[in-house]
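Here's the structure, in structure tokens; my notes come after.
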Number of protein chains: 2
Amino acid sequence: MILNQATDYAFRAVLYLSLLQPGEIVEAKVISESQHIPLRFLLKILRSLAKAGIVKSYQGVGGGYALGKKPADITLKDVLEAVEGPIRINKCLIDPDYCNKQATPHCPVHYVLASIQQTIAQEFDKYNFEQLKEHMKQN
Amino acid sequence: MILNQATDYAFRAVLYLSLLQPGEIVEAKVISESQHIPLRFLLKILRSLAKAGIVKSYQGVGGGYALGKKPADITLKDVLEAVEGPIRINKCLIDPDYCNKQATPHCPVHYVLASIQQTIAQEFDKYNFEQLKEHMKQN
DNA sequence: CATAAACTATACTTAATCGGTATTGTTTTA
DNA sequence: TAAAACAATACCGATTAAGTATAGTTTATG
């Protein structure tokens with residue numbers, strides 16, 4: 001019931017990229033040092049984010065990373081799922097056979113957990129990085 | 001971001017106890033076999049639930065378990081927290097030093113995660129075992 | 001066109017957590 | 001006082017998380 005360390009790093013890396021000027025790109029090393037994220041681990045995380053289109057990577061000399069879309073179009077859920085995969089709060093919501101193995105073919109627990117899971121997903125989807133930027137300015 | 005197996009078992013064990021007649025008590029072995037939960041693991045889980053007052057245990061011959069309060073007074077959150085401890089979705093919401101270590105003294109990520117965490121806790125608190133009982137009858 | 005600066009891919013390692021078990025002890029009824 | 005139940009604690013193996021290493025690819029630039 002806790003987010004991965006990688007997801008936490010990802011949130012902070014994407015926030016960092018959200019604060020760049022349009023067109024600006026930065027090397028992973030800069031993010032790593034500024035946010036205190038182990039470089040090689042960050043590179044791995046950035047690859048997941050790139051695969052999801054959240055960041056765009058530029059190879060070669062002068063390369064680095066920038067956001068792949070506008071901060072307003074990136075939610076916490078997007079980043080979370082890019083790193084951890086789809087939000088799932090219980091095994092019975094992943095593997096349909098799981099509940100049957102437990103001999104509870106009509107399981108009300110399963111039912112309410114599915115509803116809670118949906119609410120949680122919506123909650124993470126409510127916040128985008130434009131909002132987080134705004135929030136930074138206030139401090 | 002996923003519930004423990006132990007919590008899943010706990011939900012099903014408490015639901016099982018919710019369906020008993022008032023005054024009825026059952027041995028762990030009965031719950032174990034009916035719900036396909038490894039007995040010794042279940043005993044451990046039941047101890048956590050007993051500590052939290054969710055179930056009441058009876059030692060000695062003819063002993064066993066019963067609910068410690070009315071099903072309507074036991075929420076999913078109660079059971080979840082009895083087994084896993086308080087709901088925490090990020091380390092920075094456990095250890096106040098954590099964020100500072102990350103060199104982000106005014107971190108908007110921390111801020112919104114705290115809000116999301118609260119919503120999640122409320123969501124698990126919305127469902128009690130009387131409701132789950134009702135839901136069973138419908139099937 | 002070669003070099004070096006960046007990212008990519010994949011595999012490996014270490015540590016923590018999870019899921020479960022074992023052992024020994026205590027309580028209680030018959 | 002024996003046996004049926006739970007209690008407490010410690011242990012174990014497997015999985016996952018977190019991070020590192022190695023080898024490779026892309027690209028700007030001198």
Side-chain angles (χ1 to χ4, degrees), chain A residues 1-13 17 24-33 35-52 54-66 68 80 83-85 88-92 94-95 98 101-102, chain B residues 1-13 17 24-33 35-52 54-66 68 80 82-85 88-91 94-95 98 101-102:
Chain A
M1 208 52 222
I2 195 163
L3 298 170
N4 285 347
Q5 183 62 61
T7 303
D8 185 80
Y9 289 156
F11 287 158
R12 292 167 207 272
L17 292 174
E24 191 179 357
I25 73 176
V26 299
E27 301 133 61
K29 199 177 173 219
V30 173
I31 306 173
S32 157
E33 283 170 2
Q35 299 301 306
H36 298 82
I37 305 170
L39 175 59
R40 295 189 166 284
F41 195 31
L42 174 62
L43 284 163
K44 191 151 89 173
I45 294 164
L46 286 166
R47 267 191 307 271
S48 304
L49 295 172
K51 227 169 247 172
I54 292 166
V55 306
K56 197 158 163 16
S57 78
Y58 299 88
Q59 292 200 179
V61 176
Y65 297 89
L80 167 52
V83 176
E84 298 191 18
R88 288 290 128 89
I89 64 166
N90 193 284
K91 277 186 204 138
C92 73
I94 301 172
D95 177 4
Y98 181 82
K101 275 184 215 147
Q102 305 278 329
Chain B
M1 207 55 222
I2 195 164
L3 298 171
N4 285 346
Q5 183 64 61
T7 302
D8 185 82
Y9 289 157
F11 287 157
R12 293 168 206 272
L17 292 174
E24 191 179 356
I25 74 176
V26 299
E27 301 133 62
K29 200 178 173 216
V30 173
I31 306 172
S32 158
E33 283 170 2
Q35 299 301 307
H36 298 82
I37 305 170
L39 175 59
R40 293 187 167 283
F41 195 32
L42 174 62
L43 284 165
K44 189 152 88 174
I45 294 164
L46 285 167
R47 263 187 315 266
S48 303
L49 295 172
K51 228 170 246 172
I54 292 166
V55 306
K56 198 158 163 14
S57 78
Y58 299 88
Q59 292 200 180
V61 176
Y65 297 89
L80 166 52
V83 175
E84 298 192 17
R88 288 291 128 90
I89 64 167
N90 193 282
K91 275 186 206 140
I94 302 172
D95 176 5
Y98 182 81
K101 275 184 216 147
Q102 306 276 330

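Since the structure is predicted, the reported quantities are computational estimates derived from the model, not experimental observations. Throughout, protein chains are lettered first and strands after them, A, B, ... in sequence-line order, and every chain is numbered starting at 1. These numbers come from the heavy atoms of this one structure, side chains and all, not from hydrogens, waters or symmetry mates.
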Verify, without hydrogens or angle tests, whether S32(B) (side chain) and I37(B) (backbone) share a donor-acceptor contact under 3.5 angstrom.
yes
Does T7(A) offer a backbone N or O that forms a donor-acceptor pair with the side chain of E84(A) under 3.5 Å?
no
Figure out the [atom1]/[atom2] separation between [X] and [N], and round it to whole Å.
X: Q5(A); N: dT16(D); atom1: CD; atom2: C1'; answer: 14 Å
X: I45(A); N: dC7(C); atom1: CD1; atom2: P; answer: 14 Å
X: D8(A); N: dG19(D); atom1: CG; atom2: C1'; answer: 15 Å
X: E27(B); N: dT29(C); atom1: CD; atom2: P; answer: 14 Å
X: R47(B); N: dG25(C); atom1: CZ; atom2: P; answer: 16 Å
X: L46(B); N: dA5(D); atom1: CG; atom2: C1'; answer: 13 Å
X: K29(B); N: dA7(D); atom1: NZ; atom2: C1'; answer: 19 Å
X: N4(A); N: dG19(D); atom1: CG; atom2: C1'; answer: 13 Å

[X] side chain near [Y] side chain, heavy-atom distance below 4.5 Å:
X: L3(B); Y: V83(B); answer: no
X: L43(B); Y: Y65(B); answer: yes
X: L17(B); Y: I31(B); answer: yes

On DNA chain D, nearest-nucleotide positions of G62(A) versus F41(A): which is more 5'?
F41(A)
Nearest nucleotide by nearest heavy atom, which residue falls closer to the 5' end of DNA chain D, G60(A) or L43(B)?
L43(B)
Between [options], which one does the side chain of [X] approach most closely?
X: R40(B); options: dG19(C), dT23(C), dA8(D); answer: dT23(C)
X: Q59(B); options: dT21(C), dT8(C), dC6(D); answer: dC6(D)
X: V61(A); options: dA5(C), dT8(C), dC18(C); answer: dA5(C)
X: S57(A); options: dT21(C), dA21(D), dC7(C); answer: dC7(C)

Does dG20(C) have OP1 or OP2 under 4.0 Å away from a side-chain N or O of Y9(B)?
yes
Is Y65(B) close enough to dA7(D) that one of its side-chain N or O atoms is under 4.0 Å from OP1 or OP2 there?
yes
Give one of base, sugar-phosphate or nothing for A28(B), where a contact means two heavy atoms less than 4.0 Å apart.
sugar-phosphate
